[in-house]
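Here is the structure we will look at.
Reckoned from all heavy atoms, side chains included, excluding hydrogens, waters and symmetry mates. Numbers restart at 1 for each chain; the letters A, B, ... are given by sequence-line order, proteins then strands.
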Protein chains: 2
Amino acid sequence: MAVKARLTRETVLWAALELVDRAGLDALSMRSLAKALGVEAMSLYNHVTDKADLLDGIAELVLSGMTLPARTEDCFADVRALAFAFRDAAVAHPQAFPLLATRQLGAAAALRFTEAALAVLRDCGLDERTAVHMLRSFVALLTGSLIREVGASLSFSGKDSAGVRARTEQLAASGFPAVRGAAALLASCDHDAEYAFGVDALIRAMR
Amino acid sequence: MAVKARLTRETVLWAALELVDRAGLDALSMRSLAKALGVEAMSLYNHVTDKADLLDGIAELVLSGMTLPARTEDCFADVRALAFAFRDAAVAHPQAFPLLATRQLGAAAALRFTEAALAVLRDCGLDERTAVHMLRSFVALLTGSLIREVGASLSFSGKDSAGVRARTEQLAASGFPAVRGAAALLASCDHDAEYAFGVDALIRAMR
DNA sequence: ACCTGAACACCGTTCAAGT
DNA sequence: ACCTGAACACCGTTCAAGT
């Protein structure tokens, strides 16, 4: 709308992220993005080399939006805060998160986070090698948790009580005894609490 | 080749998985799959409802190929064995793994694994609620680890020593002190050891 | 330097028609 | 019941042409 401003890589990436937030990853095409910008599809190629580059750019944009927590005197609390900063950045753009998880983010965008995390882990008394291992374990846990969370989105959060009840009954009738026993627990998921459980478990392992 | 056998859902799914293993997810289209089966694209719709159903079917196929380890007297060793059975199933079809991670696998295919894991965790002395939390943390860690592993594939495994050296220098020149210090460790990744580190950390937290 | 329009070689999916 | 062929409404990307 308004006057058609000159395109830049920044405006293209922001518009792409906005489109993904609003309509999902499947709705993002070079043509639909161009239309949202009031421009022809081919104009985009002056600012991104191809669609893969566009997706990389979106991932970097989301990652660069992460606010790193201030340090405190408690290094374990700092680890926890970093984990939740990661989550905050991800759930701010849930539809875009698969891009972060799936593609190898060219170190550049991730380095701020890596630097902060390594510094905190070293302060907790880990040697360099162990700090890197621990960082990788944390990132894997956080990534896996968030993939489940954004994949499950509404239906699994427990808000949809009819769905939860239906799933509980289905699990209870599965014929697997341990599954039957835990049916109600398996049928819904408090993502925030689940995330905290995992983070705290790894922190416990660290001590 | 040979006589053109009648299509079934099974043959369609197996051919799809074979195509993904050989040429990657991007190479899988209804048309390319049909050609591989010596058939027209529209014939596939007699056996899968649409492409999403096809992808679900592939995910289930991979998951159903998992060999669950026999129980031992050591429940913690059993947890570890389950984690590596999960990894074995995934790396047998690395190109297909993003399908498992991304989509909500309709419980059915995952239940065998869930049942085995819950039983082992209960035997380790966890109550029902904690066992479910712990299972979710494990699955998140394993999923996140495997996404990194299949995403990084060759280049990051340490085999490509020129690449490792180039990445090390780049990280060392990044201007981030903690990153610079750990540059060599960050530049490559022994996926098997990394996986074991994460699994053992969570097991330590469990005890 | 940046944007456009037409074109190419693809997609997933529908529908009516065959057997 | 299952397979086909033509068609529809899309894709990403190229290229030559405009300004």
Secondary-structure string, 5' to 3', Watson-Crick or G-U under 3.5 Å, | for another-strand partners, for DNA chain C: ||.|||||...|||||.||
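Taking atom CG of B:L37 as the reference point, atom C1' of D:dC2 lies 15 Å away to the nearest angstrom. At whole-Å resolution of the value, CG in A:N46 and P in C:dC2 are 7 Å apart. Protein atom CD of A:E40 is 5 Å distant from nucleotide atom P of C:dT4, rounded to whole Å. For A:L33 and D:dC11, the CG to P distance is 11 Å, given to the nearest whole Å. Regarding B:K35, its NZ atom lies at a distance of 8 Å from the P atom of C:dC11, rounded to whole Å. Nucleotide C:dA1 holds its P atom 12 Å from the NE2 atom of A:H47, rounded to whole Å.
Counting only heavy atoms from C-beta on, A:R6 has its side chain closest to C:dC3 among D:dT4, C:dC3, D:dG12. Closest to the side chain of A:S43, from the set C:dT4, D:dG12, D:dG5, is C:dT4.
Atom CD of A:E18 has more than 12 heavy atoms from other residues, nucleotides or ligands within 6.0 Å.
Within residues 9-24 of chain B, no residue has a heavy atom under 4.0 Å from DNA chain D.
Legend: side-chain hydrogen bond (donor to acceptor under 3.5 Å, both in side chains) pairs involving residues 41-55 of chain B, not counting sequence neighbours, sorted by first then second residue: B:R9-B:D53.
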Review item, side-chain donor-acceptor pairs of residues 126-143 of chain B, under 3.5 Å, at least two apart:
from   : atom 1 : to     : atom 2 : distance (Å)
B:D127 : OD1    : B:R129 : N      : 3.1
B:D127 : OD1    : B:T130 : N      : 2.7
B:D127 : OD1    : B:T130 : OG1    : 2.8
B:D127 : OD2    : B:T130 : OG1    : 3.3
B:E128 : OE2    : B:R122 : NH1    : 3.3
B:H133 : ND1    : A:E194 : OE1    : 3.4
B:H133 : ND1    : A:E194 : OE2    : 2.6
B:R136 : NH1    : A:E194 : OE1    : 3.2
B:R136 : NH2    : A:L185 : O      : 3.4
B:R136 : NH2    : A:L186 : O      : 3.3
B:R136 : NH2    : A:S188 : O      : 3.0
B:S137 : OG     : B:H133 : O      : 3.3
B:T143 : OG1    : B:V139 : O      : 2.6

Check residues 83-102 of chain B and write down every donor-acceptor pair under 3.5 Å in which the side-chain atom is one partner and the other belongs to a residue at least two apart or another chain.
from   : atom 1 : to     : atom 2 : distance (Å)
B:R87  : NE     : B:E149 : OE1    : 3.1
B:R87  : NH1    : B:D192 : OD1    : 2.6
B:R87  : NH2    : B:E149 : OE1    : 3.3
B:R87  : NH2    : B:E149 : OE2    : 2.8
B:H93  : ND1    : B:D21  : OD1    : 3.2
B:H93  : ND1    : B:D21  : OD2    : 2.7
B:T102 : OG1    : B:P98  : O      : 3.1

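Side-chain atoms of B:S32 come within 3.5 Å of backbone N or O of B:A27 as a donor-acceptor pair.
Taking 4.5 Å as the limit, every side-chain heavy atom of B:V79 sits out of range of all side-chain heavy atoms of B:L202. Within the 4.5 Å cutoff, the side chain of A:Y195 has heavy atoms near those of the A:L146 side chain.
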Reading 5' to 3' through nucleotides 13-19 of chain D, protein heavy-atom contacts under 4.0 Å coded B for base, S for sugar-phosphate only, - for none: BBB----
